[in-house]
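Just so we're on the same page: letters track the sequence lines, and every chain starts at 1. Side chains are part of it too, since the values below use all heavy atoms of this structure and drop only hydrogens, waters and symmetry mates.
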Amino acid sequence: MIKTRFAPSPTGFLHVGGARTALFNYLFARKFGGTFLLRIEDTDPERSKPEYSEQILISMKWLGLDWDEGPYHQSQRMDIYKSYTEQLLKEGKAYRCFCTQEELEEMREQQRKAGLPTRYDGRCSRLTQEEIKEKLDKGMPYAIRLKVPQDRGIIAWDDMVKGHIEINSSELDDFILVRSDGTPTYNFAVVIDDYTMGVTHVLRGEDHIPNTPKQILIYEALGWETPVFGHVPMILGKDKTKLSKRHGAVGVEAYRDEGYLPEALFNFLALLGASYDPDREVYTKQELIDLFDPKKIGLHAAVFDPDKLNYINREHMKMLPPEELLERIKPFAEAKGFKVEPFHIKLIPLLVDRMHTLKDFVEMADYIFTDDFSIDEKAQTILEKNMPLDGLSDELKAQPWDAEHIEQVLRAYAQDKGIKPRDYFPFVRAVISGKSVGPSLFHLMEAMPQEMVLRRLTARN
RNA sequence: GGCCCUAUCGUCUAGAGGCCUAGGACAUCACCCUUUCAAGGUGGAGGCGGGGGUUCGAAUCCCCCUGGGGCCA
């Protein structure tokens with residue numbers, strides 16, 4: 001039985017990079033009928049905030065990453081960590097380190113001077129029972145370090161995405177498991193959590209590769225079998241550095257608020273740095289589940305390309321039935337104080353090709369919501385030409401309200417007034433919509449209520 | 001600085017020794033369609049980081065360099 005997990009720290013909103021690793025874990029679990037669990041790593045009371053973890057859950061649900069287990073909270077598992085600490089201490093796999101900050105700093109300083117790598121030299125592991133007892137009796141604070149076996153040699157694992165990775169254990173020192181304030185370090189807590197929660201596959205960002213050998217050592221000290229590890233490459237900004245706030249929107253919620261469809265962001269993220277069918281890039285969630293394969297994930301970091309996201313978003317908007325799309329647009333209309341009406345459905349097919357986001361609909365077509373629509377610069381100039389409109393609404397009214405008849409009437413009217421259609425049509429468009437660009441004029445008029453169009457025509461006259 | 005990961009068009013990628021005159025998508029340019037803007041169609045420009053090997057033959061395998069990224073300091 002496969003079990004994957006996503007374990008964010010609630011120190012901010014859900015980052016798109018985090019969302020992508022969550023997504024891969026989700027895909028993997030779903031594909032093999034496994035379990036996907038969520039764990040909030042909130043052991044850092046300084047930076048962790050409940051509202052952040054709430055926000056992360058909201059973003060995950062919005063993206064469609066529903067989890068089967070959790071959310072667990074690391075902060076509520078302190079007792080568990082403690083019991084394993086005692087076990088390791090008793091078995092001599094870990095030891096108390098009484099070194100002070102100053103002592104450690106001095107040691108590093110000397111190592112630097114000698115041109116040696118700065119590592120803990122293991123001095124406290126050589127303390128005698130009496131010395132330990134004495135320090136304990138004096139109430140000296142201590143951290144707990146893992147005793148890395150001298151002869152451990154090469155630590156290696158077969159990474160689900162990267163393949164074979166190895167590192168020499170001599171690169172590692174006796175690192176800290178529990179801080180002097182009693183809190184477990186990241187690596188220690190993660191190992192205990194993953195194991196006790198039955199996690200079988202750990203898919204995470206490649207920034208965790210350096211943690212993996214340490215965690216393997218902890219698994220070994222505890223006598224546990226390691227899970228399968230997989231490290232997915234980072235997401236980079238346009239300047240090829242790790243995607244961060246400097247690059248603009250990095251929070252999932254920001255994309256939601258900008259009018260991206262969750263299925264589009266899902267699709268985009270799943271394909272960023274991966275490929276399944278070289279001739280396709282638009283997929284449904286189910287297709288992505290069926291196709292997912294960690295071996296298909298690229299090996300190097302990928303640049304986040306907003307243009308491609310826009311494209312994918314439009315493709316997904318096109319895939320949605322018009323009623324559904326309008327429903328998704330609704331909140332964005334309401335945010336501007338606009339009310340969605342039944343006739344708006346007719347505008348969807350006309351506008352969807354011009355939209356990148358849900359928001360675009362409201363911004364491009366404000367004129368279908370209010371008479372107080374915005375007028376773009378070019379339309380302003382066109383309007384100044386003051387072309388004739390008298391009698392036009394009567395002529396329109398006399399014919400059926402469809403694109404074909406509207407076109408006939410407009411052409412005849414323009415000809416009658418001695419105006420070239422290509423000069424006249426933009427004028428009519430500007431009058432009824434305030435825009436110099438938009439869908440085919442006649443189809444646009446047909447989609448709008450006749451009463452609304454005629455009203456604007458006569459008001460202008 | 002140490003360790004690790006990595007390297008195909010501007011971007012995301014296909015490519016697992018001859019199928020490559022390196023394919024697709026986004027972006028870009030031109031043309032067509034057209035009342036406008038899109039969409040769509042057609043076409044164009046654009047890439048195997050460098051150097052050594054291995055091989056009859058290398059984008060593909062090996063080594064070095066360089067570049068990019070990450071973690072730690």
- Decide yes or no, distance alone: a donor-acceptor N/O pair under 3.5 angstrom between the base of B:A27 and the side-chain of A:K308. no
- Query: Checking only heavy atoms, does the side chain of A:S440 share a donor-acceptor pair with the base of B:U35 at less than 3.5 Å?
  - Reply: yes
Residue pair [X] / [Y], side-chain donor-acceptor N/O under 3.5 Å:
{"X": "A:T370", "Y": "A:D372", "answer": "no"}
{"X": "A:Q215", "Y": "A:N187", "answer": "yes"}
{"X": "A:N313", "Y": "A:H316", "answer": "no"}

For [N], the Watson-Crick or wobble counterpart (both distances under 3.5 Å):
{"N": "B:U28", "value": "B:G44"}
{"N": "B:A16", "value": "none"}
{"N": "B:C71", "value": "B:G2"}
{"N": "B:U36", "value": "none"}

May I ask you to say what [X] touches in the nucleic acid, namely base, sugar-phosphate or nothing, with a heavy-atom cut-off under 4.0 Å?
{"X": "A:L271", "value": "sugar-phosphate"}
{"X": "A:R119", "value": "nothing"}
{"X": "A:S436", "value": "base"}
{"X": "A:P213", "value": "nothing"}
{"X": "A:F442", "value": "base"}
{"X": "A:G205", "value": "nothing"}
{"X": "A:L299", "value": "sugar-phosphate"}

Which whole number of Å gives the distance between the [atom1] atom of [N] and that of [M]?
{"N": "B:C72", "M": "B:G57", "atom1": "P", "result": "47 Å"}
{"N": "B:G18", "M": "B:U54", "atom1": "C1'", "result": "16 Å"}
{"N": "B:G46", "M": "B:G51", "atom1": "C1'", "result": "25 Å"}
{"N": "B:A58", "M": "B:U42", "atom1": "C1'", "result": "35 Å"}
{"N": "B:G1", "M": "B:G17", "atom1": "C1'", "result": "40 Å"}
{"N": "B:C3", "M": "B:A59", "atom1": "C1'", "result": "29 Å"}
{"N": "B:G49", "M": "B:U60", "atom1": "P", "result": "9 Å"}
{"N": "B:C5", "M": "B:G10", "atom1": "P", "result": "27 Å"}

- For atom CD of A:E103, is the number of surrounding heavy atoms from other residues, nucleotides or ligands below 6.0 Å larger than 12? yes
- Is the charged tip of A:K285 near the ring of A:F266: under 6.0 Å from the six-membered ring centre and within 45° of its axis? yes
- Task: State whether A:F175 and A:K214 meet the cation-pi test: NZ (Lys) or CZ (Arg) under 6.0 Å from the six-membered ring centroid, and within 45° of the perpendicular axis.
- Result: yes
If you only use heavy atoms from C-beta on, which nucleotide in [options] is closest to the side chain of [X]?
{"X": "A:L236", "options": "B:A7, B:G69, B:U11", "value": "B:G69"}
{"X": "A:P426", "options": "B:A38, B:C26, B:U35", "value": "B:U35"}
{"X": "A:E206", "options": "B:U11, B:G69, B:A14", "value": "B:G69"}
{"X": "A:K318", "options": "B:C3, B:C71, B:G40", "value": "B:G40"}
{"X": "A:R422", "options": "B:A14, B:U35, B:C12", "value": "B:U35"}
{"X": "A:L272", "options": "B:G24, B:C3, B:C12", "value": "B:C12"}
{"X": "A:I209", "options": "B:U35, B:C4, B:G69", "value": "B:C4"}
{"X": "A:K162", "options": "B:U6, B:C4, B:G24", "value": "B:U6"}

Separation of atom [atom1] in [X] from atom [atom2] in [N], rounded to whole Å:
{"X": "A:H300", "N": "B:C12", "atom1": "NE2", "atom2": "C1'", "value": "8 Å"}
{"X": "A:H208", "N": "B:C72", "atom1": "NE2", "atom2": "P", "value": "10 Å"}
{"X": "A:N310", "N": "B:U28", "atom1": "CG", "atom2": "P", "value": "11 Å"}
{"X": "A:L309", "N": "B:C12", "atom1": "CG", "atom2": "P", "value": "14 Å"}
{"X": "A:Y283", "N": "B:U13", "atom1": "OH", "atom2": "P", "value": "13 Å"}
{"X": "A:K378", "N": "B:C37", "atom1": "NZ", "atom2": "C1'", "value": "9 Å"}
{"X": "A:R354", "N": "B:A38", "atom1": "CZ", "atom2": "C1'", "value": "5 Å"}
{"X": "A:F268", "N": "B:U13", "atom1": "CZ", "atom2": "P", "value": "10 Å"}

- More 5' along RNA chain B: A:A301 or A:H164, using each one's nearest nucleotide? A:H164
- Message: Please compare A:S275 and A:R108 by the position of their nearest nucleotide in RNA chain B and report the one closer to 5'.
- Response: A:S275
- Polar side-chain atom of A:D174 near backbone of A:G122 as donor-acceptor pair, under 3.5 Å: no
- Query: Hey, does the side chain of A:R280 come within less than 4.0 Å of B:A14's phosphate (OP1/OP2), counting only N and O?
  - Reply: no
- Thinking salt bridges, do A:E171 and A:R119 make one under a 4.0 Å N-O criterion? yes
